[in-house]
Amino acid sequence: MTLLVERPAQVAAPPAPRRRKRVVLPYLLITPTLVATAYLLLYPLVRNVIISLQEFGLPQLVRGDAKFVGLANYARVLADPEFWAVVRRTLWFTAINVVLIMVLSTLVALLLVRLGKWLRLLVMGGLVLTWATPIIAATTVFQWLFQSRLGVVNWALVALGFEEYRDYTWFADGEATFGILVTLIVWQSIPFAALSLYAAMITVPQELYEAARIDGAGAWRVFSTITFPVLRAMFGLITCLEVIWVVKAFVQIWVISQGGPGQATTTLPVYAFQVAQSLQRYDLGAAVSMLMVVLLVLALLAYFRQLYRQERET
């Protein structure tokens, strides 16, 4: 009798794990964008830092023999009382603009939420057209509006009975020019902030508003207890973006007043350009621009820190 011994079935060994091939194609596709961004953003910044640490005037620009002087340019700029006067004017200019932009943009966003479909599309279309208007074109229009003899503003004021504004020269008065520039920058900034806030407001759950209305909350109470707390981060982000936009505003000021009259509208970007071009001291202009960047970064960091603390407390 033959004993048949059944051999256990051999279990196939699991295949050796294959090494994951590194996907190179996505990195190759984004490489041109990264290189272009580095060239357009990082290179000018690094070059500006280098110039601010050198003695770099018109002779050095021609000969190319700039000498390293360390922080001497920064020391000279910081010791100049005019620089600190420009800093104070820039802070005041920024504060007025940002407050007006955020308040008016919030009101426009709330209006868009309450409007009907067709009116909302009409208002949004106007905002988009305003936002799409080139800066030079908008600035030129404002120059014409406030022109002394042919301007619409003087014509309208005289028609309303204000004879003192006949042939009134707005751009010869520092405070008037300051106010015109504030109006121009606020007008250009509202569309972006208003549309962004509107897009955020429509994401807030309607149940929260319905519950608040049932409890008898008014419009201000609904905004202060629901809309703003829920969208606090969005308000903070837009505020930071508007601060950056206002601080670096240069074209509007230079085209309308070139920082005048009497330095009444000279902000840090205009001051840096004046120092670099009028005095042909590109090293001092670079130092002023770098100090502007540092002040802006410190202000934004302080704001983000405060915002982070509020988020942790809530």
Given the rule that I, L, V, M, F, W and Y join up when any side-chain heavy atoms are under 4.5 Å apart, are V98 and V293 in one cluster? no

Pairs where residues 67-87 contributes a residue and the test side-chain hydrogen bond (donor to acceptor under 3.5 Å, both in side chains) is met, not counting sequence neighbours: S52-Y74, D80-Y271

Do S257 and T265 pass the side-chain hydrogen bond (donor to acceptor under 3.5 Å, both in side chains) test, and can you show the C-alpha distance, the side-chain angles, and the key distance before you say yes or no? CA-CA 7 Å; S257 65; T265 57; 2.7 Å; yes

Which residues pass the side-chain contact (heavy atoms from CB on, under 4.5 Å) test with V294, not counting sequence neighbours? L298

Would you call the rings of W170 and Y165 parallel, tilted or perpendicular, where under 30° means parallel and over 60° means perpendicular? parallel

According to the side-chain hydrogen bond (donor to acceptor under 3.5 Å, both in side chains) rule, which pairs have a member within residues 184-198, sequence neighbours left out? R120-Y198, Q188-Q252, S189-W245

Flag yes if more than 12 heavy atoms outside F162 fall under 6.0 Å of its CZ atom; otherwise flag no. no

Rounded distance [0.5 Å steps], CG in L195 versus CG in L127: 5.0 Å

Hey, any chance W144 and I185 share a hydrophobic cluster, counting ILVMFWY side chains that come within less than 4.5 Å of each other, even indirectly? yes

Nearest heavy-atom contact between V86 and T267 is CG1-C, 3.5 Å

Listed once per pair and sorted, the side-chain hydrogen bond (donor to acceptor under 3.5 Å, both in side chains) pairs that draw on residues 95-118, sequence neighbours left out: none

So do L78 and L291 actually touch side chain to side chain, heavy atoms under 4.5 Å? yes

Please verify the inter-ring angle class for F235 with F223; under 30° counts as parallel, over 60° as perpendicular, anything in between as tilted. perpendicular

Should the ring pair F178 and F93 be called parallel, tilted or perpendicular, given that the plane angle runs from 0 to 90° and is split at 30 and 60? perpendicular

How close do A194 and A109 get, heavy atom to heavy atom, and via which atoms? O-CB, 3.6 Å

When rounded to the nearest 0.5 Å, the distance separating CE of M290 from CG of N48 is 6.0 Å

Fit a plane to each ring of F250 and W254, take the angle between them on a 0 to 90° scale, and name the class: parallel (under 30°), tilted (30 to 60°) or perpendicular (over 60°). parallel

So, taking the atom named OG1 in T139 and the one named CD in Q143, what distance separates them when rounded to the nearest 0.5 Å? 7.0 Å

Looking at CG of L296 and OG1 of T94, how far apart are the two atoms once the value is rounded to the nearest 0.5 Å? 8.5 Å

Closest heavy-atom contact between I226 and L208? CD1-O, 3.3 Å

So with a 6.0 Å cut-off around CD of E164, is the heavy-atom count from everything else above 12? yes

So does F68 have more than 12 non-hydrogen atoms from other groups sitting under 6.0 Å from CZ? yes

Note, L231 side chain near L197 side chain (heavy atom, < 4.5 Å): no

Taking side chain as C-beta onward, heavy atoms only, is V87 less than 4.5 Å from L295? yes

Working to the nearest 0.5 angstrom, can you tell me the gap between T227 OG1 and R232 CZ? 12.5 Å

State yes or no: do M201 and W220 share one hydrophobic cluster built from I, L, V, M, F, W and Y residues joined by side-chain heavy-atom distances below 4.5 Å, directly or via other members? yes

So if you build clusters from Ile, Leu, Val, Met, Phe, Trp, Tyr with side-chain heavy-atom gaps below 4.5 Å, do L279 and L284 land together? yes

Stepwise, does the side chain to side chain contact (heavy atoms under 4.5 Å, CB included) test hold for I256 with F146? CA-CA 11 Å; I256 286 182; F146 291 92; over 6 Å; no

Using the side-chain contact (heavy atoms from CB on, under 4.5 Å) criterion, which residues pair with V46? Sequence neighbours excluded. I50

Stepwise, does the salt bridge (Lys or Arg N to Asp or Glu O under 4.0 Å) test hold for R213 with E210? CA-CA 5 Å; R213 294 189 185 97; E210 293 175 1; over 6 Å; no

G260 and T177 have their tightest heavy-atom pair at O-CG2, 4.0 Å

Please lay out, stage by stage, how T203 and V230 fare under the test side chain to side chain contact (heavy atoms under 4.5 Å, CB included). CA-CA 10 Å; T203 64; V230 172; over 6 Å; no

Same cluster or not: are V247 and L100 linked, directly or through other Ile, Leu, Val, Met, Phe, Trp or Tyr residues, by side-chain heavy atoms under 4.5 angstrom apart? yes

Is any side-chain heavy atom of I244 closer than 4.5 Å to a side-chain heavy atom of L300? yes

Heavy-atom closest pair (Q147 atom, R149 atom, distance to 0.1 Å) is OE1-N, 2.9 Å

Can you give me the closest heavy-atom contact between S289 and A272, atom names plus distance? N-CB, 4.2 Å

Taking the hydrophobic residues Ile, Leu, Val, Met, Phe, Trp and Tyr, and joining any pair whose side-chain heavy atoms are under 4.5 Å apart, which ones share a cluster with L34? I30

Is any side-chain heavy atom of V153 less than 4.5 Å from a side-chain heavy atom of Y168? no

Between R281 and F56, is any pair of side-chain heavy atoms under 4.5 Å apart? no

When you look at V270 and Q258, which way does the side chain to side chain contact (heavy atoms under 4.5 Å, CB included) test go after all the steps? CA-CA 7 Å; V270 178; Q258 297 186 355; over 6 Å; no

Rounded to the nearest 0.5 Å, what separation is found between the CG atom of L121 and the CG atom of L112? 10.0 Å

Is there a side chain to side chain contact (heavy atoms under 4.5 Å, CB included) between I180 and F171? Walk through the geometry before answering. CA-CA 9 Å; I180 293 171; F171 300 111; 3.8 Å; yes

Between V158 and R166, is there a side-chain heavy-atom distance shorter than 4.5 Å? yes

With a 4.5 Å cut-off on side-chain heavy atoms, are L107 and L111 touching? no

